[in-house]
> 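There's a structure below that I have some questions on.
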2 protein chains.
Amino acid sequence: MKKKSNGQYLESSRRGEILVAAAELFRAKGYEATTIRDITTAVGIASGSTFCHFRSKREILDAVAIEGMRHVLSGAEAVVRRSLAPEECLRVLMRQHIGFLHDPPARDFVTVLLYESRALSVAAQKEVRLLMTRYEEIWKACLQGLATVPVGPVRESLLHRLLFGALNWSVHWYSPGDDPPPEVLAEELAGLVLPAMRVSAE
Amino acid sequence: MKKKSNGQYLESSRRGEILVAAAELFRAKGYEATTIRDITTAVGIASGSTFCHFRSKREILDAVAIEGMRHVLSGAEAVVRRSLAPEECLRVLMRQHIGFLHDPPARDFVTVLLYESRALSVAAQKEVRLLMTRYEEIWKACLQGLATVPVGPVRESLLHRLLFGALNWSVHWYSPGDDPPPEVLAEELAGLVLPAMRVSAE
DNA sequence: CCTACCGATCGGTAGG
DNA sequence: CCTACCGATCGGTAGG
């Protein structure tokens with residue numbers, strides 16, 4: 001479940017309801033193709049009422065993306081606190097990342113964050129990038145711990161980007177019915193990466 | 001260079017000029033955020049003149065995406081004709097795929113194809129999917145040839161999707177100045193996949 | 001291929 | 001939070 005930092009569910013406030021409806025629509029139709037009227041119809045209020053809670057349509061997008069990125073980062077930070085062995089850490093991070101992409105309601109926020117970042121305000125882009133860097137650092141540390149010989153900085157920053165890509169692309173093809181469950185997906189990617197790390201360590 | 005099937009350059013016809021300008025704008029701003037007037041200003045004609053060549057804005061998008069997918073497929077088919085050894089085949093396919101994503105002017109067409117497919121007409125979606133399947137078959141055959149024991153159908157169709165993701169995601173971060181050249185990118189991903197294939201074959 | 005134009009719809013506002 | 005509304009801009013058309 002998605003929470004705000006104050007511990008209340010997003011759905012419990014009108015502002016939160018708008019965010020949840022907007023995230024779902026932005027994911028399904030795209031930011032530009034979604035109108036204020038689409039969102040307010042879903043929530044059940046008049047279109048003008050949007051601007052009691054947000055100054056502009058873009059401000060809704062900014063809030064959705066930042067909320068999504070905070071959710072992702074706090075999940076990864078919880079993994080770090082468990083102090084897992086590197087292999088287990090990577091598996092858990094991957095498993096969780098797939099969940100961020102596919103489990104509602106978080107997936108709406110995260111998918112919008114990934115695929116509409118171009119439309120964010122400059123300030124929101126900066127904020128998201130800041131949180132994203134912290135998320136990436138967690139992955140990098142995990143991958144460093146995995147190699148028995150140190151991995152060069154170029155190769156390291158390339159590796160986590162390739163992994164992110166492999167996972168993030170799944171939003172374009174993954175269907176929960178036909179495709180293997182998240183655990184299998186994570187295991188498959190782990191099976192690809194772990195042998196390669198062992199080879200590079202020889 | 002991008003060619004039409006009749007051998008003429010796209011830029012040599014007014015219709016082609018519109019396609020090239022539209023592809024560049026769709027890639028940079030997104031389909032919905034790009035206006036007919038953006039496109040015609042870039043080409044240097046009046047906005048109404050668009051409809052001498054296309055019935056609607058969507059028809060431009062359809063043409064851009066199909067042109068992009070045809071370019072990708074014909075490139076891969078040329079690789080197949082070279083009858084390379086599986087390892088070399090994979091490296092060449094990856095190297096070429098990165099080129100499709102990053103070398104102008106093809107990258108505009110291909111990126112739009114990847115990230116605006118939601119906005120395509122139903123007919124164009126079908127056409128693109130048909131060509132895409134043929135492209136995927138080429139990758140699958142190459143990957144099958146790579147394994148010394150047969151790879152299961154689930155694992156096989158997962159593997160090529162993970163590879164596509166790793167490559168396609170690069171449009172979100174790759175910068176030709178700062179990041180390693182396409183050859184290194186392809187080599188890095190090959191270094192990830194090839195050891196895993198060997199392990200799975202043991 | 002251009003000029004001139006149009007109906008629809010958009011994000012956003014004023015006043016209550 | 002609603003009603004009533006507006007200026008701007010959009011994709012697309014008619015006629016030449």
Side-chain angles (χ1 to χ4, degrees), chain A residues 8-66 112 116-125, chain B residues 8-66 112 116-125:
Chain A
Q8 292 185 315
Y9 291 108
L10 279 176
E11 291 85 350
S12 70
S13 69
R14 196 30 60 94
R15 189 190 139 95
E17 279 186 83
I18 294 172
L19 281 182
V20 169
E24 194 177 330
L25 285 159
F26 290 165
R27 172 174 169 274
K29 305 178 52 172
Y31 169 72
E32 297 287 351
T34 300
T35 68
I36 292 286
R37 286 163 179 84
D38 289 334
I39 298 169
T40 51
T41 299
V43 175
I45 57 176
S47 68
S49 305
T50 306
F51 303 97
C52 304
H53 305 281
F54 301 91
R55 265 171 298 188
S56 67
K57 184 187 170 191
R58 168 156 304 179
E59 210 174 65
I60 304 178
L61 179 67
D62 287 351
V64 166
I66 290 172
V112 168
E116 299 287 354
S117 59
R118 171 177 48 194
L120 291 175
S121 72
V122 176
Q125 273 181 25
Chain B
Q8 291 186 317
Y9 291 108
L10 280 175
E11 292 85 351
S12 70
S13 70
R14 198 26 66 91
R15 189 190 139 94
E17 278 186 84
I18 294 173
L19 282 182
V20 169
E24 193 177 331
L25 285 159
F26 291 164
R27 171 175 170 274
K29 305 179 53 173
Y31 170 70
E32 297 287 350
T34 300
T35 69
I36 292 287
R37 285 163 179 87
D38 289 335
I39 298 168
T40 51
T41 300
V43 175
I45 56 176
S47 67
S49 305
T50 307
F51 303 96
C52 304
H53 305 280
F54 301 92
R55 265 171 299 188
S56 66
K57 185 188 172 191
R58 168 155 306 178
E59 211 174 65
I60 304 178
L61 179 66
D62 287 350
V64 166
I66 290 172
V112 168
E116 299 288 352
S117 59
R118 173 175 49 193
L120 291 176
S121 73
V122 176
Q125 273 180 25

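Computed from a predicted structure; not experimentally measured. Letters A, B, ... are given to chains in the order of the sequence lines, protein chains preceding strands, and every chain is numbered from 1.
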> When the distance from CD of Glu59(A) to P of dG12(C) is rounded to whole Å, what number comes out?
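Going from Glu59(A) (CD) to dG12(C) (P), I get 10 Å.
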> Between the main-chain N or O of Ser117(B) and the side-chain N or O of Gln125(B), is there a donor-acceptor pair closer than 3.5 Å?
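Yes: the side chain of Gln125(B) pairs with the backbone of Ser117(B).
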> Before accepting this row, confirm whether a basic side-chain N of the pair Glu17(A)/Arg14(A) lies closer than 4.0 Å to the acidic partner's carboxylate O.
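Yes, Glu17(A) and Arg14(A) are salt-bridged.
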> dC10(D) P sits how many Å from Asp38(B) CG, rounded?
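Result: 7 Å.
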> Does some side-chain heavy atom of Phe54(B) sit less than 4.5 Å from a side-chain heavy atom of Asp62(B)?
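Side chain of Asp62(B) against side chain of Phe54(B), heavy atoms only: no contact under 4.5 Å found.
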> Looking across every strand, which nucleic acid part, if any, lies under 4.0 Å from Thr34(A) by heavy atom: base, sugar-phosphate, or nothing?
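Sugar-phosphate only.
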> Give one of base, sugar-phosphate or nothing for Thr35(B), where a contact means two heavy atoms less than 4.0 Å apart.
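Contact class for Thr35(B): sugar-phosphate only.
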> As a test of reading the structure: which of dC2(D), dC1(D), dT13(C) is closest to the side chain of Phe51(A), going by heavy atoms?
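Among the listed nucleotides, the one closest to the side chain of Phe51(A) is dT13(C).
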> Are Asp38(B) and Phe26(B) close enough, and set up right, to give a side chain to side chain contact (heavy atoms under 4.5 Å, CB included), and what steps lead you there?
CA-CA 10 Å; Asp38(B) 289 335; Phe26(B) 291 164; over 6 Å; no
> Take the protein atom CG of Leu61(B) and the nucleotide atom C1' of dG11(D), then report the distance between them rounded to whole Å.
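For the pair Leu61(B) CG and dG11(D) C1', the rounded distance is 15 Å.
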> Sort and list the pairs that fulfil side chain to side chain donor-acceptor pair (under 3.5 Å) and have at least one residue in residues 44-56 of chain B, not counting sequence neighbours.
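For residues 44-56 of chain B: Arg55(B)-Glu59(B).
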> Can you tell me the distance, in whole Å, between the NE2 atom of His53(B) and the C1' atom of dG11(D)?
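Atom NE2 in His53(B) sits about 17 Å away from atom C1' in dG11(D).
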> Atom NZ of Lys57(B) and atom C1' of dG11(D): how far apart are they, to the nearest Å?
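Rounded to the whole Å, the gap is 8 Å.
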> Classify Arg37(B) by what it touches in the nucleic acid, base, sugar-phosphate, or nothing, heavy-atom distance under 4.0 Å.
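Result for Arg37(B) = base.
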> Side chain of Ile36(B) only, please: which of dC2(C), dC1(D), dG11(D) is the nearest?
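Ranking dC2(C), dC1(D), dG11(D) by closest atom to the Ile36(B) side chain puts dG11(D) first.
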> Taking OP1 and OP2 of dC2(D), is either one under 4.0 Å from a side-chain nitrogen or oxygen of Ser49(A)?
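Yes.
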> How many whole angstroms separate atom NZ of Lys29(A) from atom P of dT9(C)?
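About 12 Å, once rounded to whole Å.
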> Choose from dT3(D), dC1(D), dC2(C) the nucleotide whose nearest atom is closest to any side-chain atom of Cys52(A).
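Looking only at heavy atoms from C-beta outward on Cys52(A), the closest nucleotide is dC1(D).
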> Please give, in whole Å, the distance from dT13(D) P to Phe54(B) CZ?
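In whole Å, dT13(D) P and Phe54(B) CZ are 15 Å from each other.
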> Please work out if Ser56(B) contacts a base, only the sugar-phosphate, or nothing of the nucleic acid, heavy-atom cut-off 4.0 Å.
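The answer is sugar-phosphate, as Ser56(B) gets under 4.0 Å only of primed atoms, P, OP1 or OP2.
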> To the nearest Å, give me how far apart CD (Glu32(A)) and C1' (dT9(C)) are.
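Those two atoms, CD and C1', are 14 Å apart.
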> Tell me, which stems hold DNA chain C, with a stem being 3 or more Watson-Crick or G-U pairs in a row and both distances under 3.5 Å?
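Stem segments, range with range: C:1-16 with D:1-16.
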> Sequence neighbours excluded, which residues qualify as side chain to side chain donor-acceptor pair (under 3.5 Å) partners of Thr41(A)?
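Side chain to side chain donor-acceptor pair (under 3.5 Å) list for Thr41(A), sorted by chain: empty.
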> Within the supplied structure, the quantity of interest is the number of heavy atoms (other residues, nucleotides, ligands) at a distance under 6.0 Å from Glu116(A) CD; does it exceed 12?
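Correct, the count exceeds 12.
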